[in-house]
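Report on one structure; see the data block that follows.
The chain is numbered in sequence order, starting from 1.
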Amino acid sequence: MYMVYWSIIEEEGGVPHAEPFDTSEMVAAMKFMEELRARQRAGEALRFITMCSEHPDVVGRPGVDVTGPDYNWKKRRR
């Protein structure tokens, strides 16, 4: 899944917005971002245009995980 985020800057501050896209719609999400950027270049008060992804079938958990007692990583130095 993809999510496009952007803010519209108004007098009282930024108003956040988001638009979801399915995992198969990466091209559509990128086109939407480019439309937002074109509006920004035309003078609209759009800021912080970005995209984030999260695959629904990811194998591991997001973030940092705790290692088990058998974990024995060492940095090799020469």
Side-chain angles (χ1 to χ4, degrees):
M1 173 172 213
Y2 299 100
M3 188 73 79
V4 175
Y5 296 98
W6 72 99
S7 292
I8 298 176
I9 306 302
E10 297 177 350
E11 289 181 19
E12 59 274 356
V15 179
H17 296 275
E19 182 73 29
F21 292 88
D22 188 65
T23 303
S24 63
E25 298 179 308
M26 182 172 157
V27 172
M30 294 177 76
K31 285 181 181 179
F32 182 71
M33 287 175 56
E34 187 52 37
E35 290 170 6
L36 290 172
R37 289 185 177 124
R39 290 171 49 191
Q40 183 184 42
R41 287 189 297 270
E44 286 190 50
L46 300 174
R47 300 288 184 269
F48 306 106
I49 301 165
T50 188
M51 180 174 73
C52 185
S53 66
E54 184 173 304
H55 200 282
D57 299 325
V58 70
V59 176
R61 298 184 308 208
V64 178
D65 200 1
V66 177
T67 61
D70 59 337
Y71 184 76
N72 190 21
W73 180 85
K74 291 183 173 82
K75 184 173 182 177
R76 299 183 191 270
R77 294 180 186 249
R78 293 188 169 182

*Please assess T50 against V4 for the test side chain to side chain contact (heavy atoms under 4.5 Å, CB included), listing each intermediate value before the final yes or no.*
CA-CA 6 Å; T50 188; V4 175; over 6 Å; no
_Criterion side chain to side chain contact (heavy atoms under 4.5 Å, CB included) on R37 and R41, from CA distance to verdict_ = CA-CA 6 Å; R37 289 185 177 124; R41 287 189 297 270; 3.8 Å; yes
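Note: Q40 CD to F48 CZ = 10.0 Å, rounded to the nearest 0.5 Å. Of the inter-residue distances, the one linking L36 atom CG with Y5 atom OH reads 14.0 Å to the nearest 0.5 angstrom. Interatomic distance, CH2 of W6 versus CD of E19, reported as 5.5 Å (0.5 Å rounding). Interatomic distance, E35 CD to L46 CG, rounded to the nearest 0.5 Å: 12.0 Å. How far OH of Y2 is from NE2 of H55: 7.5 Å, rounded to the nearest 0.5 Å.
Counted within 6.0 Å of CE on M26, heavy atoms from surrounding residues, nucleotides or ligands total 12 or fewer; the atom is thus considered open. When the shell of 6.0 Å around CD of E12 is examined, it contains more than 12 heavy atoms from other residues, nucleotides or ligands. The 12-atom threshold is exceeded at CE of M1, counting heavy atoms of other residues, nucleotides or ligands nearer than 6.0 Å.
The stretch residues 43-60 participates, sequence neighbours left out, in these salt bridge (Lys or Arg N to Asp or Glu O under 4.0 Å) pairs: R39-E44.
Note on I49 and M30: same hydrophobic cluster, where clusters join Ile, Leu, Val, Met, Phe, Trp and Tyr whose side-chain heavy atoms are under 4.5 Å apart, directly or indirectly.
A salt bridge is absent between K31 and E25; no separation between the charged side-chain nitrogens and carboxylate oxygens falls under 4.0 Å.
P16 approaches S7 most closely through the heavy-atom pair CA-OG, 4.0 Å.
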